[in-house]
Chemist: 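I am attaching a structure below and will ask some questions about it afterwards.
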Amino acid sequence: MLTVLFLGDIVGQPGRTAVITRLPDLKAKYALDFVIVNGENAAGGRGITGKITIDLLRAGVSVITSGDHIWDQKEILSFIDTEPRLLRPLNYPKGAPGSGSIILETAKGKIGVINVQARTFMQPILDNPFRSVEAAVSKMRSETPNIIVDAHGETTSEKIALGRFLDGKVSAVFGTHTHVQTADDQIFPGGTAFLCDAGMCGPVNSILGRAVDPILTRFISNLPSSFPVAGGEVRLRGAVVQIDETTGRATSITRVDEAVPHAYMASEPHIENSPSSEQT
C-alpha cells in the first residue's frame, strides 16, 4: 500500500511551525510514503514565500498545493517557476506562472498531484475546473493510476461534485479553503477516497485561524480591519489515505486531528499581521 498524508490549509507561523516540527512524528506514526500540504495561507495568513516553501520541503513535505491566495506574496510570481513542487491551481489561463500538477517518484511507484480551484463564490473566476481536471487526469493516468487532487473551493456542493466526477479516475480528492474539517470521509463506489474539507493547520481558538476580536468587529461594524493570525492551541488537520499502488484505488481514508505539544505551540498571545487586510 501507498500511504499518503494530506494536511489542510497552513495558517501563518503557528501552522507552519507545527507542521515542520510534528512531521517526523507523523511519518513514523502513520508509516507515510508521501506528504501533501496546502500552503496558500502560510505567510502571515495570506500567500506563501519562497523561504517558507523551502522550509516545508526540507521538513519532508513532498508537494505544496495552494488556491486563490497563491499570488498574495508578490515574490511568488518569480519563485514559483523555480520550484515545481509548489503548485498553483491548474485552471489558470495558459501563460500563468507555475504549474497545476506534478508527478513524483516514490519507493512504491509514481504519484501524481493535481491542484484545481472551484468557481462558486471564488475570486478570481478561473477556467471550468471540471474540464481542466478531466484533461489533466487523462494525461496523468498514462504514467500512473495514483493521483491525488486538491479541490480548493468555497461550497460543499461543488467540491462533492468534483469528487463524484472524478470517482474511479483518481485515488483521492481532498477539499480545501474553508479551514473547517468535515466529517464526510468516505470511499466512493469507483475507489476514490473523498473528504469535502481537510480543515486547517493552525490556531483553533480563532476564526479560521485569525484572532477573534478583529473579525467580530468587522462583522458587527462593517468597518475595515486587519486580521492577525491567532495564538494559543494549534492542531493539525487533514487525512491519511491508503492506496493500492497497482490499481490506484483507495482502500482506506482516516481523518487526522493531531494536537501539537505545548512546547511547539506559539506563545500566547501570538500576533502575526497579515500583509493585507480583510480575509474571512
Side-chain angles (χ1 to χ4, degrees), residues 7-21 37-53 55-56 64-77 86 88-89 115 117-126 150 152-156 159 175-182 196-238 257 259-260 264-280:
L7 291 175
D9 302 47
I10 296 173
V11 181
Q13 182 271 329
R16 65 181 187 259
T17 299
V19 170
I20 289 168
T21 52
V37 302
N38 186 294
E40 73 146 9
N41 295 298
R46 292 183 72 105
I48 190 169
T49 65
K51 181 183 184 305
I52 292 171
T53 299
D55 288 345
L56 290 169
I64 302 168
T65 56
S66 64
D68 53 311
H69 290 290
I70 181 60
W71 313 119
D72 284 4
Q73 301 291 328
K74 299 309 179 187
E75 70 174 75
I76 215 66
L77 283 164
L86 173 62
R88 46 87 172 157
N115 191 180
Q117 184 170 307
R119 293 198 292 186
T120 307
F121 303 137
M122 297 290 288
Q123 292 293 333
I125 298 175
L126 303 181
D150 177 340
H152 194 79
E154 184 72 35
T155 64
T156 53
K159 289 187 282 189
T176 58
H177 181 67
T178 70
H179 294 200
V180 179
Q181 188 181 59
T182 53
C196 193
D197 201 283
M200 72 173 183
C201 299
V204 294
N205 297 315
S206 67
I207 297 176
L208 307 185
R210 303 303 188 100
V212 172
D213 288 346
I215 293 183
L216 289 181
T217 299
R218 171 69 170 127
F219 277 120
I220 293 167
S221 71
N222 287 334
L223 296 175
S225 177
S226 63
F227 300 150
V229 174
E233 180 187 359
V234 176
R235 299 191 74 89
L236 305 181
R237 290 178 173 144
D257 184 359
V260 178
Y264 296 154
M265 285 164 42
S267 59
E268 182 73 62
H270 174 86
I271 296 294
E272 181 177 3
N273 287 315
S274 165
S276 40
S277 64
E278 299 191 1
Q279 180 193 29
T280 56

Chemist: What are the two closest heavy atoms between Arg237 and Val204, and how far apart are they?
Modeler: NH1-CG1, 3.8 Å
Chemist: For Val229 and Gly45, which heavy atoms make the closest approach, and how far apart are they?
Modeler: CG2-N, 3.9 Å
Chemist: So which atom in Thr155 and which in Thr120 form the shortest heavy-atom distance, rounded to 0.1 Å?
Modeler: CG2-CG2, 3.6 Å
Chemist: Measuring from Asp213:CG to Ser225:OG, what's the distance to the nearest 0.5 Å?
Modeler: 10.0 Å
Chemist: Using the test side chain to side chain contact (heavy atoms under 4.5 Å, CB included), find all partners of Pro124 that sit at least two apart in sequence or belong to another chain.
Modeler: Tyr92, Gln117, Leu126
Chemist: Just how far is it from atom CG of Asn38 to atom CE of Met200, taken to the nearest 0.5 Å?
Modeler: 13.0 Å
Chemist: Looking at side-chain heavy atoms only, is the closest gap between Val11 and Leu208 below 4.5 Å?
Modeler: no
Chemist: Measure the shortest side-chain to side-chain distance between Leu236 and Val19 over non-hydrogen atoms and say whether it is less than 4.5 angstrom.
Modeler: yes
Chemist: Within the side chain of Arg16, is there an N or O that forms a donor-acceptor pair under 3.5 Å with the backbone of Ala42?
Modeler: yes
Chemist: With sequence neighbours left out, write down each residue that passes side chain to side chain contact (heavy atoms under 4.5 Å, CB included) with Thr217, or none if nothing qualifies.
Modeler: Ser221
Chemist: Which heavy-atom pair separates Ile48 from Ile76 by the least distance, and what is that distance?
Modeler: O-CD1, 3.3 Å
Chemist: Where do Asn41 and His69 come nearest, in terms of heavy atoms and distance?
Modeler: OD1-CD2, 3.8 Å
Chemist: Check the surroundings of atom CD1 in Ile125: do more than 12 heavy atoms from other residues, nucleotides or ligands lie under 6.0 Å from it?
Modeler: no
Chemist: Per the salt bridge (charged side-chain N to carboxylate O under 4.0 Å, His left out) rule, what does the pair list look like for residues 196-205, sequence neighbours excluded?
Modeler: Lys159-Asp197
Chemist: If you look at every heavy atom in Ala230 and Pro203, which pair is closest and at what distance?
Modeler: O-CG, 3.3 Å
Chemist: Report the residue from Asp150, Leu56, Ile10 that forms a side-chain contact (heavy atoms from CB on, under 4.5 Å) with Ile64.
Modeler: Leu56
Chemist: Could you work out, with side chain to side chain donor-acceptor pair (under 3.5 Å) as the rule, every residue matching Thr49, not counting sequence neighbours?
Modeler: none
Chemist: Side chain of Gln181, backbone of Gly238: donor and acceptor closer than 3.5 Å?
Modeler: yes
Chemist: Indicate yes or no for a side-chain donor-acceptor contact from Asp9 to the backbone of His179 under 3.5 Å, with no hydrogens or angles considered.
Modeler: no
Chemist: Starting at CG of Leu7, measure out to OG1 of Thr65 and round the result to the nearest 0.5 Å.
Modeler: 10.0 Å
Chemist: Please list, chain by chain and in numerical order, all residues satisfying side chain to side chain contact (heavy atoms under 4.5 Å, CB included) with Asp55, sequence neighbours excluded.
Modeler: Ile20, Lys51
Chemist: Kindly write out the residues that satisfy side chain to side chain donor-acceptor pair (under 3.5 Å) with Arg235, not counting sequence neighbours, or none if the list is empty.
Modeler: Glu233, Asp257
Chemist: Does the side chain of Asp68 pick up a donor-acceptor pair with the side chain of His152 at under 3.5 Å?
Modeler: yes
